[in-house]
2 protein chains.
Amino acid sequence: MWAPARAPAEPYYRLAMTAAGKHQVSRSETTRRGTRQGRAGIRDVAAAAGVSITTVSDALNGKGRLPDATRRHVREVADRLGYRPSAAARTLRTGKSGLIGLTVTTYGDEPFTFTEFAYFAEMARAATSAALARGYALVILPATSRHDVWSNVALDGTVVIDPSDHDPVVSELVRQGIPVVSDGRPAGTLPVTAWVDNDHEQAVLGILDHLAAAGARRIGLLTGTSTDTYTRLSTHAYLHWCERSGQDPVYEEYPAHDPCAGAVAADRLLARPDRPDAVYGLFDPNGTDLLAAARRYGLRVPDDLLLVCCSESTVYATTEPPITTLSLKPRRIGTAVVQLLIDAIEGLDHGRPVEQVISTELIIRTSSVRAVPPRTAVGAPRRPE
Amino acid sequence: MWAPARAPAEPYYRLAMTAAGKHQVSRSETTRRGTRQGRAGIRDVAAAAGVSITTVSDALNGKGRLPDATRRHVREVADRLGYRPSAAARTLRTGKSGLIGLTVTTYGDEPFTFTEFAYFAEMARAATSAALARGYALVILPATSRHDVWSNVALDGTVVIDPSDHDPVVSELVRQGIPVVSDGRPAGTLPVTAWVDNDHEQAVLGILDHLAAAGARRIGLLTGTSTDTYTRLSTHAYLHWCERSGQDPVYEEYPAHDPCAGAVAADRLLARPDRPDAVYGLFDPNGTDLLAAARRYGLRVPDDLLLVCCSESTVYATTEPPITTLSLKPRRIGTAVVQLLIDAIEGLDHGRPVEQVISTELIIRTSSVRAVPPRTAVGAPRRPE
DNA sequence: CCGGCATGCAGAAACGTACCTGTCAACTCC
DNA sequence: GGAGTTGACAGGTACGTTTCTGCATGCCGG
């Protein structure tokens, strides 16, 4: 069936080959041991199928013009030999690795921040799914990685989570022409290919309005000391709302990456002389910390204290009482970020930068709803004149 | 300085060359444009520095015998050109990619199970750190990925989390000679290179003893329906303990990957006629679910019901009351798994398989400690005769 | 009977690196 | 003062693909 190709046997031709191009022969016979120690290469498949390398490549990749019989035959032989194409060789040749970097913010030497934990996990999960569905895989690459690790992996593009102001990693990647999509609106003039974010100001304003509507007179904020976009925008929105509605700001800051500091800050907030009757906590653990602090001070939730917290955790559905949470929809963000990135990689974005805003969701539970409507006129928030 | 190679000029010889081997000339001049559109290659560095490619490679990789002056000069030129070695080419040449796969169990099309969530996140975090410290990066690869994604990435080795009985992915990887280290003792005769796990039987026995010492008469179990190693071993240990101590088993099963089913199962367990006075929950959310169920039935914790739950979550430190948890030490497991894997990749394991057991930690909180010692003889657990 | 056009495949040139194998000089050692 | 040694590099091949180009063959219309 698969007759060996007729050998062109002009003597001078063969002589010339062995003289001038001796490496040409060495390929097929000299240095190759039969099936190679480890894996079968495309050459082995070609030899076994009695066709050329080109034909094997075309048959397996669905390219070229081949009759179905040849295609099937090659595929079958490849299967029989357990042939797996070399990812490295393919990447070298095509320039595409099918790998996407997932750059996570770091505090100290741990890969990702503790406070963004549930958020990050959900986001990464969605991103992995989305990438996979389009044939890409994700590589976890902390921002502080040594340079050699970064340059040791061929990336088609990168997702950056909450890049800092003038992130050197981002600049370097852009300089290399690698698309970069950021989760979080980039600060300054960071030249990202696209970004996805929530409207944090809008979300905070919505929560404050919700709390005010539930009868809150003085709303406090539990916020962070770091300068990332999320913290900055949220705090700013809070201050703005206070100014607009004539309430004195009541807030406590703490280093958000320190799990213990949160409990202390929550305690401080409720110990203040101008104790708030409602609190919004910007970070995931704030809910349980505030609840514990309220118990210590004998404050009933929601009767004496209204509570809302930004979190993706499901535990707040079963706390006593259940706590109202703001979800940033990490699943949707993760998916969107990856779609945008792959579009850019594959040139489907037509080169223009994209900004995409994902809406948040306020999951209202007992902690921010008063059973009885607030008594009328406890005393309007007085402003020092 | 850099004279062109002398041209051999025998006429018949040249004729043969242009006929048979004309490609030999095209390399140096024909197809190359000056500095290439995108990035500078090692060739460009060599040309700019006035040395050979070999010298550049040696200088940058710290090999060969070169005077420091040359080394510095080459490095400087490389920096100036913004040279970054091609990861793909290096991988193709050396056979090492510096990438480690992190295979996660999947239910449905989501990358990882919900129940192992906090555990997984912590484990992945530690694994990422450990890999990075040794110059490797992690690729997230769900077990159900399409084959093309798996073969599209060159892996030096893989971490498999809780592989199923005769996992085809593991077999395939081993067949390709790629080291595989599993988190979780492999069931059956899965040929992994090494594995790391807790002693789950020991842990469960310890907890049951702890609860019995705290006065528990009838200890219930909240367990899963799936057949993974963790669930199987833990349940088995529970049954064994019951048999040994003459207590009737009281347990409820539910599909652990379903977040809602857990709450229902917790409710079922406490609604039974032979209601336990202590419960151990195998999965992360069981603690809050059991607490909520206990409240519904008017059971006080720990007075009427002792509670322990396997979890890595910090929320259990601030629940009301705080709940005793068993930590599987995912950080240590993640680190150990990666160390073993990289040892195997780099041939430091001397080829023998390694099994490593990480000890668990019981974090004792209020939920499993009775303020007053149990009243004597409430009535021994009666067995229907 | 011949030019033109599919069809079915083979040859060989890259992709960018690492490393093996020289080669040529300058020393060193009896 | 020649043989051996060592330092400092250059040449060239191989890693395993993809793909561009090329070459037969068969067929059809003119």
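Lettering of chains follows the sequences in order, A, B, ..., and the numbering in each one begins at 1. Quick caveat: nothing in here was measured; it's all calculated off a predicted structure. Below, each value reflects all heavy atoms present in this structure, side chains not excepted, and no hydrogens, waters or symmetry copies.
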Query raised in the report: Within the pair S57(B) and dA18(C), is there a side-chain N or O less than 4.0 Å away from OP1 or OP2?
Result: yes
Query raised in the report: Under 4.0 Å between a side-chain N or O of K63(B) and OP1 or OP2 of dA18(C)?
Result: no
Query raised in the report: Hey, does the side chain of T91(A) reach the backbone of A87(A) with a donor-acceptor pair shorter than 3.5 angstrom?
Result: yes
**Report entry** Heavy-atom donor-acceptor pair, T128(B) side chain to A124(B) backbone, under 3.5 Å
**Finding:** yes
**Report entry** Side-chain donor/acceptor of T55(A) to base of dG8(C), under 3.5 Å
**Finding:** no
So, using side-chain contact (heavy atoms from CB on, under 4.5 Å) as the criterion, who are the partners of [X] when residues are at least two apart?
X       : answer
R93(B)  : none
Q176(B) : R39(A), R84(A), E172(B), I178(B)
A47(A)  : none
D58(B)  : T54(B), K63(B), L66(B)

**Report entry** side-chain hydrogen bond (donor to acceptor under 3.5 Å, both in side chains) involving S171(A) - partner list, sequence neighbours excluded
**Finding:** none
Requested in this report: Give one of base, sugar-phosphate or nothing for I53(B), where a contact means two heavy atoms less than 4.0 Å apart.
Outcome: nothing
Query raised in the report: Heavy atoms under 4.0 Å, any strand shown: does N61(A) hit a base, just sugar-phosphate, or nothing?
Result: sugar-phosphate
Requested in this report: Give the nucleotide from the list dG16(D), dA10(D), dG16(C) with an atom nearest to the side chain of R43(A).
Outcome: dG16(D)
**Report entry** Proximal nucleotide (of dG11(D), dA10(C), dC15(D)) relative to the T54(B) side chain
**Finding:** dG11(D)
In whole angstrom, give the distance that lies between atom [atom1] of [X] and atom [atom2] of [N].
X      : N       : atom1 : atom2 : result
D44(B) : dC15(C) : CG    : P     : 11 Å
I42(B) : dA18(C) : CD1   : C1'   : 8 Å
D58(A) : dA10(C) : CG    : P     : 10 Å

Side-chain donor-acceptor distances from residues 334-342 of chain B under 3.5 Å, at least two apart:
unit_1  : atom_1 : unit_2  : atom_2 : d
T335(B) : OG1    : R331(B) : O      : 2.8
Q339(B) : OE1    : R134(B) : NH1    : 2.8

Can you give me every donor-acceptor pair (side chain of residues 94-103 of chain B, partner residue at least two apart or in another chain, under 3.5 Å) with its distance?
unit_1 : atom_1 : unit_2  : atom_2 : d
T94(B) : OG1    : R90(B)  : O      : 2.8
T94(B) : OG1    : K96(B)  : N      : 3.2
T94(B) : OG1    : K96(B)  : O      : 3.4
S97(B) : OG     : L99(B)  : N      : 3.2
S97(B) : OG     : A154(B) : O      : 2.6
S97(B) : OG     : D156(B) : OD1    : 3.2

**Report entry** Members of residues 65-77 of chain B that approach DNA chain C, where some heavy atom sits under 4.0 Å away
**Finding:** none
**Report entry** Those residues of residues 85-96 of chain B lying under 4.0 Å from DNA chain D by at least one heavy atom
**Finding:** L92(B), R93(B)
